[in-house]
2 protein chains.
Amino acid sequence: MLSMKTQYAFKALMYLAQKDTGEPVLIAEIAEKKTIPIKFLENILLELKKAGILDSKKGKGGGYFFNQRPSDVRLAKVIRLIEGPIALLPCVSLNFYQKCKNCDERHCGLSNVLKEVRDATLQILESKTVADIAMLGVV
Amino acid sequence: MLSMKTQYAFKALMYLAQKDTGEPVLIAEIAEKKTIPIKFLENILLELKKAGILDSKKGKGGGYFFNQRPSDVRLAKVIRLIEGPIALLPCVSLNFYQKCKNCDERHCGLSNVLKEVRDATLQILESKTVADIAMLGVV
DNA sequence: ATACTGCGTTTTCATTGAAAGCATAATTCA
DNA sequence: TGAATTATGCTTTCAATGAAAACGCAGTAT
């Protein structure tokens, strides 16, 4: 299951994408509209900024806005950034690989199956973007 | 990512399935061969027993053994039992459904995508069994 | 200059994961 | 019957993580 943090990240991104105007949006506004604890949200938005997905402006008229186009932000990227590995085991992860003790991966039936799961999952999460999930939200 | 507990559960099940002989196997033997903390393993095996997957016998010559055939134990069942929901969000889970606040699921782009992920995942985890992953392990 | 707004650092609190300890119940075998 | 063997039940512990709250600093517009 995705953590609260990741869920909040998606809600914030969807909100920004739906507002559509390129104008900066206040953290406080996102927090209120999406009922996210404001200090927690600050953290999340900062991570998204450091990853190059969002950018921000301080002072009056400041706030957060997209640095990349929402249609360029793949869901897999957001999940890896906020949540961590997508795979179900470390020894199956592409981006966070770690060898698992006590199992020879070449012949481990479990990791073979979980690789299939990973690939099926990634095929979806790498093809869908923030723009996709924001559009459906508006319907 | 799957918890240690779930990984241990799979290791134990694979070990039992590979031994093949219907004879009871000591908790201590599984714990040693698979380097699993013994008291933790006791708990796990007990859960598997309560779920009807394994059975046990006390006293000399006792231990754990399969109650169902390994080829009847789907991976999805084990994960749901030990780990919990397979879906990435509660509002997308079949077996552990919970409504999520602040989002109308019918029109939520995120939950729509995560439903696709869930279905792709389940298609694999519902079709593979303990027997499958145990066989590959022996190759 | 000052109000506004994001940034940084630290602390807290509750929950969960991952065990360890110890006593009890069932079974076998001598 | 009794002792050894093995699983079961119940409680406690310990560390890590998730989810925040507190407080103050830094940049920007007017």
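Everything numeric here is computed off the predicted structure, so don't read it as measured data. The chains referred to below are lettered A, B, ... by the order of the sequence lines, with proteins before strands, and numbering in each begins at 1.
Put simply, CD1 on A:Ile36 is 13 Å from P on D:dA21, counting in whole angstrom units. In this structure, CG of A:Leu54 is placed 15 Å from C1' of C:dC7, rounded to the nearest angstrom. In this structure, CD of A:Glu42 is placed 7 Å from C1' of C:dG6, rounded to the nearest angstrom. In this structure, B:Ile30 atom CD1 and D:dT6 atom P are separated by 13 Å, rounded to whole Å. The CD1 atom of B:Ile38 sits 18 Å away from the P atom of C:dA18 (whole-angstrom rounding). Taking atom CD1 on B:Ile27 and atom P on C:dT27, their separation rounds to 15 Å, with Å as the unit. Per the geometry, CD belonging to A:Glu47 stands 13 Å off C1' belonging to C:dC7, to the nearest Å. Counting to the nearest Å, the P atom of C:dT5 and the CG atom of A:Leu41 are 15 Å from each other.
Classification of B:Glu126 and B:Arg80 as a salt-bridged pair holds, one side-chain N sitting under 4.0 Å from a carboxylate O.
Scored by the side chain to side chain contact (heavy atoms under 4.5 Å, CB included) test, B:Pro70 finds B:Ala17, B:Phe66, B:Val130, B:Ala131 as partners (sequence neighbours excluded). Partners of A:Ser3 by side-chain hydrogen bond (donor to acceptor under 3.5 Å, both in side chains), not counting sequence neighbours, listed by chain and number: A:Thr6, A:Glu83. For A:Lys115, the side chain to side chain contact (heavy atoms under 4.5 Å, CB included) partners are A:Val92, A:Asn112, A:Arg118, not counting sequence neighbours. Residues passing the salt bridge (charged side-chain N to carboxylate O under 4.0 Å, His left out) test with B:Asp72 are B:Arg69, sequence neighbours excluded.
Within the structure, the ring-ring contact (aromatic ring centres under 6.0 Å, His included) test picks out the following pairs touching residues 24-48 of chain A (sequence neighbours left out): A:Tyr8-A:Phe40. Sorted by first then second residue, the salt bridge (charged side-chain N to carboxylate O under 4.0 Å, His left out) pairs that include residues 50-67 of chain A, not counting sequence neighbours, number zero. Sequence neighbours left out, not one pair with a member in residues 12-37 of chain A passes ring-ring contact (aromatic ring centres under 6.0 Å, His included). Counting only residues at least two apart or on different chains, no ring-ring contact (aromatic ring centres under 6.0 Å, His included) pair has a member in residues 43-62 of chain B. Note on residues 37-46 of chain B: pairs passing salt bridge (charged side-chain N to carboxylate O under 4.0 Å, His left out), not counting sequence neighbours, are B:Lys39-B:Glu42.
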How does protein reach along nucleotides 10-19 of chain D, written 5' to 3' as B (base within reach of a heavy atom under 4.0 Å), S (only sugar-phosphate), or - (no contact)?
-> ---------S

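For the pair B:Ser56 and D:dT6, the criterion of a side-chain N or O lying under 4.0 Å from OP1 or OP2 is not met.
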Show the distances under 3.5 angstrom between N or O atoms of the protein and N or O atoms of nucleotides 13-16 of chain C.
none

For nucleotides 25-30 of chain D, which of its nitrogen or oxygen atoms have a protein nitrogen or oxygen under 3.5 Å away, and what is each distance?
residue : atom : partner : partner atom : Å
D:dG27  : N2   : A:Gly59 : N            : 3.0

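Nucleic acid contact class of A:Leu26 (heavy atoms, under 4.0 Å, all strands): sugar-phosphate only. Counting any heavy atom pair closer than 4.0 Å across all strands shown, B:Leu45 reaches no nucleic acid atom.
Side-chain contact between B:Leu94 and B:Ile86 is absent, with no heavy-atom pair separated by less than 4.5 Å.
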